[in-house]
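Along the sequence shown, residues carry numbers from 1.
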Amino acid sequence: MPQIECKDQEPQLLGESQEQQQGEESREEEAGRGPARSQVSSPSSATSSANRQLMMLEGKSGPYFSSLDSSIDILKKRAQELIENINESRQKDHALMTNFRDSLRIKVSDLTEKLEERMYQIYNHHNKIIQEKLQEFTQKMAKISHLETELKEVCHSVETMYKDLCSQPEATTLEEEQTHKDSEC
């Protein structure tokens, strides 16, 4: 039977260098397995060689994939931690805003009460001033009303005296005319 030369090479794992592959090939040769590039004399020996190489791949890829799986798990855990941190931060922010809102409500309420008290004090002060002014106004209006009454009385008296005066001169002029006439005679 003709001999078939098999040129299989092991895939290089990420992170492995050429030197590591050459070191493994030399160990295989020392262990009596022959070089990684082996010659197969029969189909059954080719199958056993392929099985042996598959087992080597599984042995080497197992740690690679488990490392990859652990890296993915680490990334998932880290992402979950970040999400939890964000949620915790948001809860803290919410609590802070709630406390701020409550504090602000209390302060606004206190300020409103103080403003209201001050406003009522000002109202009371203005009420006293307005009361005093209204009292003065009422007194002045009463005085004006009294003076108006007195003025009306004076006007009436003046009118009466004027009428009396006006009516007397006519009588005086008649008397004067008669006295004048008598003196002429």
Side-chain angles (χ1 to χ4, degrees), residues 11-21 57-185:
Q12 183 178 0
L13 298 176
L14 293 177
E16 271 191 11
S17 64
Q18 281 294 99
E19 296 168 357
Q20 288 175 332
Q21 281 185 334
L57 278 176
E58 286 175 356
K60 288 183 178 178
S61 66
Y64 172 73
F65 286 118
S66 67
S67 171
L68 183 62
D69 287 342
S70 68
S71 295
I72 291 172
D73 288 340
I74 290 170
L75 289 174
K76 284 180 182 178
K77 286 179 185 177
R78 183 69 182 134
Q80 186 63 34
E81 287 174 1
L82 288 172
I83 290 170
E84 288 172 1
N85 288 342
I86 289 170
N87 287 336
E88 287 175 13
S89 177
R90 287 181 179 177
Q91 287 175 348
K92 288 178 183 176
D93 290 345
H94 179 70
L96 179 69
M97 287 304 295
T98 301
N99 289 338
F100 177 72
R101 186 182 313 115
D102 293 343
S103 172
L104 190 61
R105 282 181 184 158
I106 291 169
K107 288 183 180 182
V108 167
S109 178
D110 289 345
L111 185 62
T112 304
E113 287 177 17
K114 288 178 182 177
L115 182 64
E116 209 172 17
E117 288 175 18
R118 181 69 181 136
M119 189 172 64
Y120 288 136
Q121 289 173 355
I122 291 171
Y123 284 172
N124 287 335
H125 177 71
H126 286 165
N127 283 343
K128 288 178 183 176
I129 293 172
I130 290 170
Q131 241 356 64
E132 290 172 3
K133 298 293 181 184
L134 279 174
Q135 194 171 12
E136 287 177 23
F137 177 74
T138 306
Q139 289 172 352
K140 288 181 181 179
M141 288 304 292
K143 192 172 185 179
I144 289 172
S145 179
H146 179 68
L147 290 172
E148 184 180 20
T149 306
E150 285 181 9
L151 184 61
K152 283 181 181 177
E153 287 176 8
V154 168
C155 284
H156 185 65
S157 297
V158 168
E159 182 183 356
T160 306
M161 285 187 351
Y162 182 72
K163 283 181 182 177
D164 287 344
L165 287 174
C166 284
S167 63
Q168 283 181 1
E170 291 175 9
T172 317
T173 41
L174 284 175
E175 285 178 15
E176 284 179 10
E177 279 181 26
Q178 277 191 350
T179 324
H180 187 52
K181 281 185 184 177
D182 287 335
S183 49
E184 285 181 7
C185 306

N/O donor-acceptor pairs under 3.5 Å from side chains in residues 128-149, not counting sequence neighbours:
from, atom 1, to, atom 2, distance (Å)
Thr138, OG1, Leu134, O, 2.7
His146, NE2, Glu150, OE2, 2.5
Thr149, OG1, Ser145, O, 2.9

Could you tell me the separation between the [atom1] atom of [X] and the [atom2] atom of [Y], rounded to the nearest 0.5 Å?
X	Y	atom1	atom2	value
Lys107	Phe100	NZ	CZ	8.5 Å
Thr160	Leu165	OG1	CG	11.0 Å
Ser70	Lys77	OG	NZ	9.5 Å
Glu159	Cys155	CD	SG	8.5 Å
Asn127	Ile122	CG	CD1	12.0 Å

Worksheet item: With sequence neighbours left out, which residue pairs that include part of residues 109-118 fulfil the salt bridge (charged side-chain N to carboxylate O under 4.0 Å, His left out) condition?
Response: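 As it turns out, there is no salt bridge (charged side-chain N to carboxylate O under 4.0 Å, His left out) pair with a partner in residues 109-118 once direct neighbours are skipped.
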Worksheet item: With side chains defined as the heavy atoms from C-beta onward, is the minimum distance between Thr98 and Arg101 less than 4.5 Å?
Response: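 Contact flag for Thr98/Arg101 side chains = yes.
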Side-chain donor-acceptor contacts of residues 84-96 below 3.5 Å, not counting sequence neighbours, with atom names and distances?
from, atom 1, to, atom 2, distance (Å)
Asn85, ND2, Glu81, O, 3.4
Asn87, ND2, Ile83, O, 3.4

Practice prompt. Can you establish whether the number of heavy atoms outside Met97 located under 6.0 Å from its atom CE is more than 12?
Written response: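 Open: at most 12 neighbouring heavy atoms sit under 6.0 Å from CE of Met97.
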Worksheet item: Donor-acceptor pair, Ser167 side chain versus Lys163 backbone, under 3.5 Å?
Response: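 Pair found, side chain donor or acceptor close to backbone of Lys163.
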